[in-house]
Amino acid sequence: MKIERVGSETIRTLRHKVLRKNKPFSTTSYNRDKEKDTIHLACVEKNIVVVCATFYPEKTNRIDSKNAYRLRGMATDKNHRRKGYGKKIMEQSFIELTNKKCDLLWCNARIKALEFYKSIGFKTKGEKFNIGDIGDHYYMYKRII
């Protein structure tokens, strides 16, 4: 298993399989995927992407910060869950984000991922909310530096 920086096209299939199942493939592309400060990380095992996550600068009005990044599209193939790969990819992101002088990482976390994010130091803020046809979420954040 290795973690590497990849282009967004490399991870869209996993995003679709895990996060956008039964939705058009076009929903796996994010507006900021191709921006120069966007980071796409993939955990690759036997040349197959088994975990992915995307990070890009985006301010948040919920927590004070100078250089906030947003986490989106974190997905783990169901056959590779609970093996520590998600934790490894997030640990690598903390290094990369520290190098970019990021002080806060935030996301809208799906309910089923809540305990994972808490286990790596994220905190919730506010009440549960619903995102359209995706489901219930919590706003979560973690201080980086």
Side-chain angles (χ1 to χ4, degrees), residues 1-21 23 27-132 134-145:
M1 182 272 300
K2 63 181 177 177
I3 297 170
E4 53 190 64
R5 274 193 182 214
V6 297
S8 60
E9 296 305 314
T10 302
I11 60 177
R12 286 184 65 196
T13 299
L14 185 59
R15 281 181 186 170
H16 190 250
K17 181 178 175 182
V18 176
L19 303 173
R20 304 288 185 194
K21 192 174 182 179
K23 295 185 178 29
T27 64
T28 66
S29 179
Y30 303 151
N31 290 337
R32 309 217 27 208
D33 271 349
K34 307 252 189 235
E35 292 182 6
K36 70 177 178 77
D37 288 327
T38 297
I39 301 166
H40 303 286
L41 294 178
C43 178
V44 180
E45 185 177 74
K46 298 179 183 172
N47 295 320
I48 298 170
V49 174
V50 296
V51 182
C52 66
T54 296
F55 308 85
Y56 54 77
E58 186 174 317
K59 293 181 190 239
T60 175
N61 60 5
R62 305 207 52 189
I63 305 280
D64 283 340
S65 66
K66 291 184 173 150
N67 187 25
Y69 269 67
R70 182 176 180 182
L71 163 62
R72 284 199 73 191
M74 182 161 189
T76 303
D77 179 89
K78 69 179 181 178
N79 296 319
H80 293 84
R81 292 183 184 146
R82 305 223 179 265
K83 294 182 178 181
Y85 295 171
K87 182 177 180 183
K88 293 278 188 206
I89 206 167
M90 291 305 295
E91 288 171 347
Q92 181 63 37
S93 79
F94 301 151
I95 293 167
E96 301 230 4
L97 293 170
T98 298
N99 291 339
K100 291 197 170 274
K101 308 245 184 296
C102 168
D103 62 342
L104 180 82
L105 178 60
W106 68 275
C107 66
N108 294 323
R110 293 173 188 229
I111 297 297
K112 66 182 181 180
L114 201 61
E115 292 308 313
F116 167 74
Y117 288 119
K118 285 181 180 178
S119 77
I120 57 171
F122 278 75
K123 297 177 183 173
T124 59
K125 181 164 180 140
E127 301 297 317
K128 178 173 61 173
F129 61 94
N130 188 275
I131 296 180
I134 299 172
D136 289 337
H137 288 69
Y138 275 95
Y139 177 93
M140 297 191 82
Y141 68 97
K142 177 180 173 69
R143 294 273 177 206
I144 302 297
I145 55 173

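- When all heavy atoms of Asp103 and Ala68 are compared, the closest pair comes out as OD1-N, 3.7 Å.
- Residue pairs meeting the side-chain hydrogen bond (donor to acceptor under 3.5 Å, both in side chains) criterion with at least one member in residues 136-145, sequence neighbours excluded: Thr60-Tyr139, Asn130-Asp136.
- For Lys125, there are no salt bridge (charged side-chain N to carboxylate O under 4.0 Å, His left out) partners two or more places apart in sequence or in a different chain.
- Here the straight-line distance linking atom CD1 of Ile120 with atom CE of Met90 works out to 4.0 Å at 0.5 Å rounding.
- The ring-ring contact (aromatic ring centres under 6.0 Å, His included) analysis of residues 38-79, with sequence neighbours excluded, yields no pairs.
- Around the CG atom of Asn99, the shell of radius 6.0 Å holds more than 12 heavy atoms that belong to other residues, nucleotides or ligands.
- Taking each heavy atom of Ile11 and Val6 in turn, the nearest pair found is CG2-CG2, 3.7 Å.
- Considering only residues two or more places apart in sequence or on other chains, Lys59 meets the salt bridge (charged side-chain N to carboxylate O under 4.0 Å, His left out) condition with none of them.
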Please report, to 0.1 Å, the donor-acceptor pairs under 3.5 Å made by any side chain of residues 79-89, with sequence neighbours excluded.
| residue | atom | partner | partner atom | Å |
| --- | --- | --- | --- | --- |
| His80 | ND1 | Asp77 | OD2 | 3.3 |
| His80 | NE2 | Glu45 | OE1 | 3.0 |
| Arg81 | NE | Thr76 | O | 3.2 |
| Arg81 | NH2 | Thr76 | O | 3.0 |
| Lys83 | NZ | Asn79 | O | 3.3 |
| Tyr85 | OH | Glu45 | OE2 | 2.5 |

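- Between the side chain of Arg15 and the main chain of Gly73, no donor-acceptor pair closer than 3.5 Å is present.
- Counting all heavy atoms, side chain and backbone alike, Leu14 lies closest to Ala75 at CD2-O, 3.6 Å.
- With sequence neighbours excluded, the residues forming a side chain to side chain contact (heavy atoms under 4.5 Å, CB included) with Glu96 are Arg5, Ile39, Leu41, Gln92, listed by chain and number.
- Closest approach of Cys102 and Ile145 over heavy atoms only: O-CG1, 3.0 Å.
- Counting heavy atoms from C-beta outward, Arg70 and Thr54 have side chains that stay 4.5 Å or more apart.
- When atom types are taken as modelled, the side chain of Asn67 and the backbone of Lys101 share a donor-acceptor pair closer than 3.5 angstrom.
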Show me the side-chain donor-acceptor pairs of residues 106-118 shorter than 3.5 Å, one per line, residues at least two apart or across chains.
| residue | atom | partner | partner atom | Å |
| --- | --- | --- | --- | --- |
| Trp106 | NE1 | Glu58 | O | 3.0 |
| Arg110 | NH2 | Leu19 | O | 3.1 |

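- Under the ring pair (Phe, Tyr, Trp, His ring centres under 6.0 Å) criterion, Tyr30 pairs with no residue at all, not counting sequence neighbours.
- Residues passing the side chain to side chain donor-acceptor pair (under 3.5 Å) test with Ser65, sequence neighbours excluded: none.
- In terms of the salt bridge (charged side-chain N to carboxylate O under 4.0 Å, His left out) criterion, residue partners of Arg12 (sequence neighbours excluded) are, by chain and number, Glu9.
- In terms of heavy atoms, Arg62 sits closest to Gly126 at NH2-CA, 3.6 Å.
- With sequence neighbours left out, Glu35 forms a side chain to side chain donor-acceptor pair (under 3.5 Å) with Arg32.
- Put simply, the side chain of Ile3 does not reach to within 4.5 Å of the side chain of Glu91, judged on heavy atoms.
- Qualifying side chain to side chain donor-acceptor pair (under 3.5 Å) partners for Thr38, counting only residues two or more places apart in sequence or in other chains: none.
- Taking a 6.0 Å sphere around NZ of Lys23, one finds it holds more than 12 heavy atoms contributed by other residues, nucleotides or ligands.
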